[in-house]
Amino acid sequence: MHGEQPITSTQWLARVGLVWALGAGEVVLAAVCGVGLLRVLALSVAALTFVVAYLVTPPPGKAEYCAIAFRPVYAMRAASLLAVAATGGWTSPLLPLIAIPVAISWTMARPQFRDVAIGVFSIAVLLAVPSLSFTTRELALLGGGSLVLTVWAIGRRVIDLFEMQRAQAQCLSRIREGALVDAESRRRGMELMTTKLAHELKNPLAAIKSLVQVEAKHATDDKSRRRLDVVLTEVERMSTLLREYLDVARPVVEASVAVVQLDELMSDVSALVTGRAEAAGVALAVAGQGGVLHADGRLLKEALVNVVCNAIEATPRGGQVTVDYHYGDRGASIVVRDTGRGMTKETAARVGTPFFTTRENGTGLGVVIAKTAIAQHGGTLEYQSTPGVGTVARIALPIDSNDKRRAA
């Protein structure tokens, strides 16, 4: 009867009074119907046991119950069986009472073998005891009373179960809200920390870079010049890593939407990556048919440069990277193909996961940044790869109503 939600003393007394009244009413009705003194006494003991056991039965909805928790249910089984046996067995009008402990047991644990064994034993007892004859009026009184008690007891149990589940759902909701608030607080703290980190590291790195460049110009021997070039390269790499980490850690910036010519965008991308392709000994070809996009050109340019540069870095010297773009009724399609080492299906599925990379000095953040920028435009970035053959990156940018009107 007790759930996790406490009830007032008035509510508790009302429940106790009602279940006692129902139990006593069955005894009185049996006496009025002339069941017999011994049977009425047996029914009285059964009713007292049944009511007390019902009132101390553990609440539903717990994850586990100890063996002691089932004792009141066993007592209710015995009491209901005794009451039904004392009033006619299989023909007893009190037969619905047997359903109460069964229903309560099922709200505490799944049906088990012992429930089947108890059920078989109960049927054997009910078939063995002698039947009693009642008039239609007596059957209506006893049967109606037992049905009312059964419906109330099972209904009360079901209500307790629903209240327990609702309380658990509310508790989980509060925990989830607390976790979200905590995550938001941590996110804001991370933003502040990364902003401070950028301020503290970018200026020293810029100073180091300037000093190294000055020293490299005045180096008197090749050995010192090579060493300074290595230092300069590492400083550049540190600056790039810092920028990528900050791009991922900071919140997604709002896209500054404007009219973008796809041909001009791809021309800018080609100009930015051509030098890197030549340095890597990779043949680069960019071709296609453009149109008008309604997008943030800076974000898209950054995303495309990241994707194409990844393809160049994955392609060995003498290989080829082709970029084909097309503008149609559904939007822009950009396909980047390389003749690199390729990836397995498992590796390709993880591309775009922060800090996952197949390169020795990579961070895996370039694809994350590209996916984020493309997703802001409602587009997708997907990878298909074959080991030893190469990788294909497909970018789809959907067209919106503004683009359609301009195209028309």
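The analysis underlying the following values was restricted to heavy atoms, covering all of them including side chains, and did not include hydrogens, waters or symmetry mates.
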Might you point out which heavy atoms bring Gln320 and Thr339 nearest each other, and give the distance in Å? N-OG1, 2.9 Å
Do Tyr54 and Ile104 touch side chain to side chain, with heavy atoms closer than 4.5 Å? yes
Are Val323 and Met266 side-chain neighbours, meaning at least one heavy-atom pair lies under 4.5 Å? yes
Let me see the working for Tyr325 and Ile395 under side-chain contact (heavy atoms from CB on, under 4.5 Å), right down to the final yes or no. CA-CA 9 Å; Tyr325 61 94; Ile395 300 173; over 6 Å; no
Using the test side chain to side chain contact (heavy atoms under 4.5 Å, CB included), find all partners of Ile154 that sit at least two apart in sequence or belong to another chain. Ala99, Ile100, Ala103, Thr150, Val158
Pairs flagged by salt bridge (charged side-chain N to carboxylate O under 4.0 Å, His left out) wherever residues 75-97 is involved - sequence neighbours left out: Arg77-Asp115
Value for OG1 (Thr57) from CE (Met76), rounded to nearest 0.5 Å, stands at 5.0 Å
Heavy-atom check, side chain of Asp160 versus side chain of Pro59, under 4.5 Å: no
Look at the rings of Phe70 and Tyr65 and say which category their plane angle falls in: under 30° parallel, 30 to 60° tilted, over 60° perpendicular. perpendicular
Here the pair of heavy atoms bringing Gly390 nearest to Ser385 is O-OG, 3.2 Å
Once you round to the nearest 0.5 Å, how far does CZ of Arg166 lie from CD of Glu163? 5.5 Å
Checking Val151 now: which residues fulfil side chain to side chain contact (heavy atoms under 4.5 Å, CB included) with it, not counting sequence neighbours? Leu147
CD/Glu215 to CG/Leu232 distance, rounded to the nearest 0.5 angstrom? 12.5 Å
Are the side chains of Val292 and Gln261 in contact, using a 4.5 Å heavy-atom criterion? yes
Residue pair Leu81, Phe121: steps toward the side-chain contact (heavy atoms from CB on, under 4.5 Å) verdict: CA-CA 10 Å; Leu81 184 60; Phe121 174 76; 4.0 Å; yes
For the CD1 atom of Ile334 and the CG atom of Leu304, what is their distance to the nearest 0.5 Å? 4.5 Å
Just verifying a value: how many Å separate Thr322 OG1 and Asp338 CG, rounded to the nearest 0.5 Å? 8.5 Å
Would you sort out whether Leu43 and Leu94 count as a side-chain contact (heavy atoms from CB on, under 4.5 Å), showing the intermediate values? CA-CA 10 Å; Leu43 183 60; Leu94 305 184; 3.8 Å; yes
Over all atoms of both residues, closest heavy-atom pair of Gly340 and Pro316: CA-CD, 3.8 Å
Within a strict 4.5 Å, meaning less than it, do heavy atoms of the Leu82 and Thr49 side chains meet? no
State which residues pass side chain to side chain contact (heavy atoms under 4.5 Å, CB included) with Thr386; sequence neighbours excluded, sorted by chain then number. Val389
Find out whether Lys301 and Arg298 are in side-chain contact, i.e. whether some heavy atom of one side chain is under 4.5 Å from a heavy atom of the other. no
A quick test of your reading: do over 12 heavy atoms of other residues, nucleotides or ligands sit less than 6.0 Å from CZ of Phe162? no
Between Ala332 and Leu262, which heavy-atom pair has the shortest distance, and what is it? CB-CD2, 3.9 Å
What are the two closest non-hydrogen atoms of Ser80 and Pro101, and how far apart are they? OG-CG, 3.9 Å
Does Ser44 reach the side chain of Val40, with side-chain heavy atoms less than 4.5 Å apart? yes
Counterpart residues, side chain to side chain contact (heavy atoms under 4.5 Å, CB included), relative to Val335 (two or more places apart): Ser333, Arg337, Val392, Arg394
Keeping Ser173 on the side-chain end and Ala169 on the backbone end, is there a donor-acceptor pair under 3.5 Å? no
Heavy atoms only: give me the nearest Ala295-His377 pair and the separation to one decimal. CB-CD2, 3.2 Å
Between Ser105 (side chain) and Val102 (backbone), is there a donor-acceptor pair under 3.5 Å? no
What residue pairs, at least two apart or across chains, pass salt bridge (charged side-chain N to carboxylate O under 4.0 Å, His left out) with a residue in residues 275-288? Arg276-Glu313
Residue pair Leu293, Leu397: steps toward the side-chain contact (heavy atoms from CB on, under 4.5 Å) verdict: CA-CA 9 Å; Leu293 290 176; Leu397 295 172; 4.1 Å; yes
Are Val84 and Ile98 side-chain neighbours, meaning at least one heavy-atom pair lies under 4.5 Å? yes
Roughly how far, to the nearest 0.5 Å, is CD1 of Ile68 from CZ of Arg71? 5.0 Å
